[in-house]
Every structure is written in C-alpha cells, then in structure tokens.
Peer 1: 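Have a look at the structure that comes next, please.
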Protein chains: 2
Amino acid sequence: MIIDIQFLPSPPDPNLLSDRVVVVIDVLRATSVMVHAMSEGASEIMPVTTVEEALDMAKGFPRSSIVLGGERGSKKITGFDLGNSPKEYFTETVSRKKLILTTTNGTKAFHLVSLGKEILVGSFFNIGAIAKRCIELDRNLLIFPSGDEGNFSLEDTVCGGMLIQLVTKKGKKPIALTDASQCAQILYKRFEENLLEAFYLSHHGKELIHRGFRDDLVYCAKIDMTDIVPEFKNGVIRIH
Amino acid sequence: MIIDIQFLPSPPDPNLLSDRVVVVIDVLRATSVMVHAMSEGASEIMPVTTVEEALDMAKGFPRSSIVLGGERGSKKITGFDLGNSPKEYFTETVSRKKLILTTTNGTKAFHLVSLGKEILVGSFFNIGAIAKRCIELDRNLLIFPSGDEGNFSLEDTVCGGMLIQLVTKKGKKPIALTDASQCAQILYKRFEENLLEAFYLSHHGKELIHRGFRDDLVYCAKIDMTDIVPEFKNGVIRIH
C-alpha cells in the first residue's frame with residue numbers, strides 16, 4: 001500500500017483517484033460535524049458547495065425530515081437550522097434526519113475527490129475506525145485535507161499524520177510513504193501528546209477562537225469517540 | 001515579516017510575488033550546483049527550462065566562455081560539459097565562465113517566480129548567508145522548494161525549514177509564520193542533527209542513490225560552506 005497526502009485542496013489527477021481510497025479531513029470543523037451528526041443518528045448527509053444549492057436541495061424534502069447546517073465566515077448561515085459546531089449535532093437535533101451541509105472548505109473537498117474508489121469521512125472523532133477500514137480495504141490511500149481557504153492546513157495535516165501513523169503501525173502489509181506522508185507523520189508526532197496545541201497554533205484555529213469558538217477546538221481534539229466510518233458516494237454520505 | 005513556504009511548485013499568485021523576497025531551493029541538486037559554481041568563480045548563471053533553449057543560448061557566446069550544465073533523469077545531457085553534481089563545478093571548470101544550466105525541477109522554478117521582488121538562490125551551502133540577507137531585506141518572504149517532478153519534496157522543505165528557523169531566531173523584528181512555515185520548521189527540527197537522514201528518506205534522494213550519486217547527497221548536506229547570496233534577475237543569476 002502506498003499512502004500519499006495532498007497538502008493543497010486542488011483537484012487530484014482523476015486517473016490516480018479511480019483506484020484509491022480517499023480520506024477527506026476537515027477537523028475544524030466540517031468532517032468533525034459530519035462524524036458527530038452520524039454518530040448521533042443522522043440518516044445521511046448531503047455535502048453541498050453553495051448556500052443556494054443547500055436551499056434548493058431542501059425544497060425536495062418535507063421540512064421536518066431535514067436539517068440545514070453549515071457556516072460562512074465560521075458563523076451559522078441565515079435561515080439555517082444549525083451552524084458548524086459538532087456540539088450542535090446531537091440526537092435531539094439530527095436523529096433520523098437528512099443533513100444538508102455547506103461549509104467553506106470541507107464540503108467542497110468531497111466534490112473535488114468524487115472520482116475516488118471509496119471516499120471516507122475522517123476526523124479525530126473516528127480516526128481509529130478510519131485506520132482500521134483503510135487497512136481492511138488494502139488499496140492505495142490518498143489523504144485529502146480540506147485546507148484553509150485553499151491554503152495548507154496545519155490541523156488537518158496533523159490528523160492525516162495520525163492516520164498514517166495508525167495505518168503504518170497496525171497494518172500487516174508493507175507500506176510505502178511519499179515525502180508528503182512522511183512529513184505529515186513527523187508533524188503528527190510533534191503534537192501527539194497535545195493535539196490541541198496544533199489547533200491553537202494553526203491559522204484557522206486562531207480565527208475560530210477569535211470568533212468565539214474556543215470550545216469547538218477542545219471538542220474536536222477528542223479521539224476515538226465513535227467507530228463509525230461515514231462514506232461519500234453519489235453525492236451522499238452514509239455509514240458504511 | 002510574514003514567512004510562507006509553498007509546498008508545491010505551481011505558479012504563485014503574481015500579486016503576492018511583487019513585494020516579496022523569494023528563496024528558491026532545490027538542494028538535490030540544482031541550487032546546490034548554482035551556489036557551488038558561483039562560489040568557485042562562475043561569473044553568472046542562466047537557468048533555462050529546456051535542453052534546446054540551453055543549446056540555442058550557447059550559440060550566442062564564444063564556446064570557451066560558457067559551460068553547458070545540467071541533467072535529465074539525473075544524468076549529464078549528451079553534448080553538455082557538466083552534469084548536475086556540485087563537485088563537478090570547481091574553479092578549474094567554471095571560473096570566469098557563464099554557466100547555462102537546465103535541470104528537471106530547479107531551473108524551472110526560477111521562471112515560475114520571476115515576478116518576485118528579489119529572488120535568491122538557497123541551499124544548505126549558503127543557508128546562513130541567505131538568512132542574513134532575508135533579515136536585511138526585511139520583506140515578506142516566500143520560500144519556494146522546487147519539488148520533485150511537481151510533487152512535495154522532503155529535502156527542499158527541510159532546507160526551507162532551516163531558513164525559517166534561522167530567520168526566526170536571528171531576526172529582531174516580529175515574525176509571523178503561516179501553517180506551512182510552521183510545518184517546515186517542525187520538519188527541520190526533526191532532522192536538525194542529521195540532515196543527511198532526510199535526504200536518505202526522500203524519494204529523490206533514494207533515486208539519486210539508485211543512479212550512483214550517493215556522494216552528492218553527502219556533499220549537499222554541508223552547511224555554510226560559503227557566504228555568497230546569488231540573486232536571479234532578468235533571467236540571470238549573479239552574486240549580490
């Protein structure tokens with residue numbers, strides 16, 4: 001197995017994607033929200049790129065069966081039910097509902113990698129389960145941090161590095177790491193004892209604190225809260 | 001001062017470049033060759049992107065006044081005087097000569113950042129001098145690793161990380177690091193005691209060893225061999 005990680009969220013080569021497992025990561029906060037919502041009983045998630053698309057899609061379902069969630073500028077979108085804090089997505093708000101979600105970086109990323117063989121939703125919340133699933137699938141792996149408005153994201157890469165570390169340690173077959181994967185693994189080891197420190201040092205982490213979301217950072221650094229592996233297929237995320 | 005590092009060798013935003021100092025790095029081996037050749041007395045270097053361009057340019061000068069250097073597939077180009085090993089570029093071969101150089105990654109990188117305010121040639125050989133010059137220039141800094149055939153390069157990023165470390169430590173003004181710069185600095189600290197280990201772990205380093213250039217790795221890991229700061233301007237590299 002070859003493990004690669006793409007540091008910038010540009011569209012990967014479609015030929016490379018078609019036989020790979022792709023893990024999309026946006027720990028602050030889109031994929032953390034997704035994993036949290038599904039672990040609390042959301043039936044499926046539709047990640048969409050624009051607010052208009054979310055509102056259009058909502059029209060196709062009874063209002064009570066869906067939840068509109070997401071952010072622009074880190075804040076809840078006018079007219080939406082929920083923002084982009086995982087702690088808003090509990091059983092009471094999402095159980096048995098379809099979640100239509102649009103965020104600045106994370107939801108876009110899924111559409112960039114939609115040609116992947118399997119597309120998994122990764123976060124610290126389910127990192128162990130994701131690693132286990134990657135080992136089972138036994139295909140070449142592309143980790144896809146969603147980035148910070150097109151730029152390299154420290155916190156997503158640390159999470160990608162943890163995934164590399166787990167797959168490398170627990171996998172029984174030989175694993176080859178690209179230069180980028182080695183870098184991510186080293187980055188993870190630097191923050192292994194204190195993941196939250198990486199969040200505090202990151203540009204996006206600082207921005208979230210500035211906007212009043214410090215609690216989200218603390219919460220999103222929790223590991224192995226659930227063993228679900230949400231998978232993106234034909235525009236929809238469901239539990240594998 | 002803001003220090004950023006671009007992990008992939010794609011053309012940066014021209015608006016961002018115009019007021020920045022750019023440091024191009026290709027330690028294995030183009031910028032190491034450049035710094036070495038200039039420290040041994042080469043009068044100037046013309047980095048060009050293709051073999052044809054190099055041969056065309058050579059026609060404009062008396063043959064004895066120029067040296068044709070570079071590689072394809074790590075090997076010397078047919079009809080060229082020298083390959084891409086720094087140890088080929090000593091006083092006897094390059095003193096007072098114009099060097100026309102074409103390599104797979106490094107020489108291309110200069111043309112991608114040609115709109116930069118100042119464009120410096122960095123390597124471990126002159127890393128201390130480059131750091132000093134960046135502090136003097138006191139502008140926002142973009143470090144530009146040349147990459148490994150379009151991919152992230154471990155060894156160039158470690159060198160970029162060392163530059164970040166030096167500028168951060170020795171500069172007297174406040175410095176802001178992007179997420180990418182923080183990552184490069186952490187990567188450098190991992191290999192601080194043994195730069196050669198980063199070369200051995202890198203994809204391109206392994207490839208060079210496979211092709212018989214192990215000695216070049218050992219040589220290119222030497223730091224502060226010279227205090228020259230070559231600068232790229234209007235297509236030509238000269239000592240500042």
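A quick note: this is a predicted structure, and the numbers were derived from the prediction, not measured. Below, chain A is the first sequence line, B the second, and so on; all start at residue 1. Computed over heavy atoms, backbone and side chain alike; hydrogens, waters and symmetry mates excluded.
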Peer 1: Step by step, would you call His204(B) with Asp179(A) a side chain to side chain contact (heavy atoms under 4.5 Å, CB included)?
Peer 2: CA-CA 9 Å; His204(B) 190 49; Asp179(A) 282 18; 5.8 Å; no
Peer 1: Atom CZ of Arg190(A) and atom CZ of Arg190(B): how far apart are they, to the nearest 0.5 Å?
Peer 2: 14.5 Å
Peer 1: Inspect the surroundings of NZ in Lys117(A) and state if more than 12 heavy atoms from other residues, nucleotides or ligands are less than 6.0 Å away.
Peer 2: no
Peer 1: Measure the spacing between CD1 of Ile186(B) and CZ of Phe191(A) and express it to the nearest 0.5 Å.
Peer 2: 3.5 Å
Peer 1: How far apart are the C-alpha atoms of Gln182(A) and Leu201(B), what are their side-chain angles, what is the distance that settles it, and do they pass the side chain to side chain contact (heavy atoms under 4.5 Å, CB included) test?
Peer 2: CA-CA 9 Å; Gln182(A) 294 186 74; Leu201(B) 289 172; 3.4 Å; yes
Peer 1: I'd like to know whether NZ of Lys170(B) has more than 12 heavy-atom contacts from other residues, nucleotides or ligands below 6.0 angstrom.
Peer 2: no
Peer 1: Within the supplied structure, the quantity of interest is the number of heavy atoms (other residues, nucleotides, ligands) at a distance under 6.0 Å from Lys75(A) NZ; does it exceed 12?
Peer 2: no
Peer 1: Rounded to the nearest 0.5 Å, what separation is found between the CG atom of Leu187(A) and the CG atom of Leu187(B)?
Peer 2: 8.5 Å
Peer 1: Atom CG in Leu177(A), atom NE2 in His203(B): separation rounded to 0.5 Å?
Peer 2: 13.0 Å
Peer 1: Is the ring pair Phe7(B)/Phe7(A) parallel, tilted or perpendicular, if the boundaries are 30 and 60 degrees?
Peer 2: tilted
